[in-house]
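One structure is given below, encoded as C-alpha cells.
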Amino acid sequence: GRNPRFTPQWQPGQWWIVEYRQLQPSLARVPPELAVDETIVTRWRYEVIDLAADLGGETCQIVRAEEITDPPAPGFVELAYDPDAFCLRRIDERNRYLPDRRSLTPNDWGSVAPYVEIRQPRETIVDLALFPPEERTDLLRIAPPGEPELLQTVVFPDADTLEASMELTVRGVPLVSEQRWRRGEPWWREARRTVGGREMIAGRLVAFGP
C-alpha cells in the first residue's frame, strides 16, 4: 500500500470482529417529538479469503464480512481490495441460500481514491481512507466526474496512530466518515459515519487473530 507502516499486511485465514452501533430512526406514525429512535448493536466477523483473486483481469484481495448470528445470517458481503493502493474496488453481496442472488457495486471513486459509500445505507462501514505515503498531516481533495467532491484529512497523533476524516455533501446534506487506525492491526480501531451532524453508525474493533 501507500503507507507500509499502517496498511494491513493480511494473511489467508486472518480474521477480526467488529461491533457496530447503528441508529434506527423511528417509523412510528406519531409527531416527531414523540418518535423514539432505537440503537441496534450487531457484531460482524471479517475473514481474509484470497490474496490473489482475479477481478476482471486485475488482482484483488478478498475479505468476507458476515453478521454473527445463530442460525447464520442468510447473506454475506465480499469486499475486493486493490493490494497496491489498498483501495476498495468492489462490493459483492451474496445470499447463502440462493447463490444466484447477488449484487455487485463497483468503486465509483476510481482505483486510487478514498471510498465513501453514498448509494445506500449499510449495517457495516465499508468506507476506506487513502493513506498518505508519509506520516504527516495530509489534505486531499478529490472530485471524480459525476460524484460529490470529497475532502480527506489525515493526521498522525502519535507514531502508532492514523486518524482520517472524509467529508462530502450528498443531496445537500453533509456526510462525514471518520476512522482511527493503529499500526499492526488488521482493520481500523474505531470508525463512525455522521449524516447532517447526527451519528448514524459507529464501529469498534473487538478481537482479531491469528
Side-chain angles (χ1 to χ4, degrees), residues 8 10-29 35-56 58-83 86-109 114-129 166 170-171 175 177-179 185-195 198-210:
W10 292 327
Q11 298 298 325
Q14 191 170 8
W15 60 268
W16 55 94
I17 295 174
V18 175
E19 181 180 272
Y20 289 99
R21 297 178 60 85
Q22 185 174 22
L23 181 67
Q24 297 282 4
S26 173
L27 299 179
R29 295 182 178 179
V36 178
D37 297 337
E38 184 179 5
T39 297
I40 305 298
V41 178
T42 60
R43 286 199 171 195
W44 286 66
R45 186 179 190 275
Y46 296 70
E47 183 177 351
V48 179
I49 302 299
D50 195 337
L51 294 180
D54 182 271
L55 183 67
E58 299 182 5
T59 300
C60 278
Q61 300 174 339
I62 305 296
V63 172
R64 177 179 295 179
E66 53 188 326
E67 187 179 356
I68 300 174
T69 60
D70 186 19
F76 60 90
V77 179
E78 288 191 349
L79 308 170
Y81 295 94
D82 179 341
F86 190 51
C87 176
L88 180 63
R89 299 302 305 274
R90 192 176 77 179
I91 304 169
D92 187 354
E93 297 180 79
R94 302 194 181 193
N95 187 296
R96 176 175 282 107
Y97 307 114
L98 301 172
D100 293 334
R101 181 178 295 178
R102 58 190 297 189
S103 175
L104 302 177
T105 304
N107 181 355
D108 300 322
W109 299 94
Y115 180 82
V116 178
E117 186 170 52
I118 61 177
R119 301 297 171 227
Q120 59 180 326
R122 287 185 187 271
E123 297 174 344
T124 62
I125 297 175
V126 298
D127 306 340
L128 193 65
M166 295 170 284
V170 182
R171 294 182 289 277
L175 186 155
S177 180
E178 300 169 291
Q179 301 174 357
E185 295 183 349
W187 200 238
W188 40 255
R189 173 70 65 90
E190 297 173 328
R192 70 176 192 146
R193 285 171 60 106
T194 61
V195 179
R198 191 179 192 188
E199 182 178 281
M200 301 303 294
I201 184 171
R204 66 184 183 94
L205 183 68
V206 297
F208 59 89

### Query
Does Leu55 have any side-chain contact (heavy atoms from CB on, under 4.5 Å) partners at least two apart in sequence or in another chain, and if so, which?
Cys60, Ala80, Arg89, Arg90
### Query
Atom CG in Leu175, atom OG1 in Thr194: separation rounded to 0.5 Å?
6.5 Å
#### Entry: ring pair (Phe, Tyr, Trp, His ring centres under 6.0 Å) partners for Phe76, two or more places apart
none
### Query
So which heavy atom on Leu104 is nearest to which on Pro106, and how close?
O-CD, 3.9 Å
### Task
Only counting residues at least two apart or in another chain, list the ones meeting side-chain hydrogen bond (donor to acceptor under 3.5 Å, both in side chains) with Arg198.
Asp37
### Under the side-chain contact (heavy atoms from CB on, under 4.5 Å) test, residues paired with Arg45 that sit two or more places apart
Trp15, Ile17, Glu47, Ile68
### Message
Among residues at least two apart in sequence or on other chains, which ones pass side-chain hydrogen bond (donor to acceptor under 3.5 Å, both in side chains) with Gln61?
### Response
none
### Summary
Sequence neighbours excluded, the answer for side-chain hydrogen bond (donor to acceptor under 3.5 Å, both in side chains) partners of Thr42 is Trp44
### Query
salt bridge (Lys or Arg N to Asp or Glu O under 4.0 Å): which pairs involve residues 200-210, sequence neighbours left out?
Glu19-Arg204
### Query
Can you tell if the side chain of Trp188 reaches within under 4.5 Å of the side chain of Val18, non-hydrogen atoms only?
yes
### Task
State, yes or no, whether a side-chain contact exists between Pro186 and Trp10 at a heavy-atom distance under 4.5 Å.
yes
### Task
Might you confirm whether atom CZ of Arg101 has over 12 heavy atoms from other residues, nucleotides or ligands at distances under 6.0 Å?
no
## Note on the structure
Between the CD1 atom in Ile118 and the CH2 atom in Trp109, the distance rounded to the nearest 0.5 Å is 5.0 Å
### Task
Sequence neighbours left out, what passes side-chain contact (heavy atoms from CB on, under 4.5 Å) with Glu178? Give chain and number order.
Ser165, Val176, Arg192
### Message
Nearest 0.5 angstrom please: Ile49 CD1 to Ile62 CD1, how far?
### Response
9.0 Å
### Message
List the residues meeting side-chain hydrogen bond (donor to acceptor under 3.5 Å, both in side chains) with Asp92, not counting sequence neighbours, and say none if there are none.
### Response
Arg94, Arg102
### Query
Taking atom CD1 of Ile91 and atom CD of Glu93, what is their separation to the nearest 0.5 Å?
7.0 Å
### Message
Which heavy atom of Pro210 sits nearest to which heavy atom of Gly13, and what is that distance?
### Response
CD-O, 4.0 Å
### Query
Atom CD in Glu78, atom CD in Glu66: separation rounded to 0.5 Å?
9.5 Å
### Task
Kindly say whether Leu23 contributes a backbone atom to a donor-acceptor pair with the side chain of Glu199 at under 3.5 angstrom?
no
### Task
Verify side chain to side chain contact (heavy atoms under 4.5 Å, CB included) between Val63 and Trp16, making sure each step is shown before the conclusion.
CA-CA 11 Å; Val63 172; Trp16 55 94; 4.0 Å; yes
### Task
Mind checking the CZ-CH2 spacing from Phe208 to Trp187? Nearest 0.5 Å is all I need.
14.0 Å
### Query
side-chain contact (heavy atoms from CB on, under 4.5 Å) with Asp127: which residues, sequence neighbours excluded?
Val116, Glu117, Ile125, Met166, Ser177, Gln179, Arg193
### Task
Output all residues satisfying salt bridge (Lys or Arg N to Asp or Glu O under 4.0 Å) with Glu123, sequence neighbours left out; order by chain, then residue number.
none
### Message
Please find the pair of heavy atoms, one from Asn107 and one from Cys87, that lie closest to each other, and give the distance.
### Response
ND2-SG, 3.3 Å
### Query
Got a sec, which residues hit salt bridge (Lys or Arg N to Asp or Glu O under 4.0 Å) with Arg21, two or more places apart in sequence or on another chain?
none
### Task
Could you pull out the closest heavy-atom pair between Pro74 and Tyr97, with the gap in Å?
CA-CE1, 3.6 Å
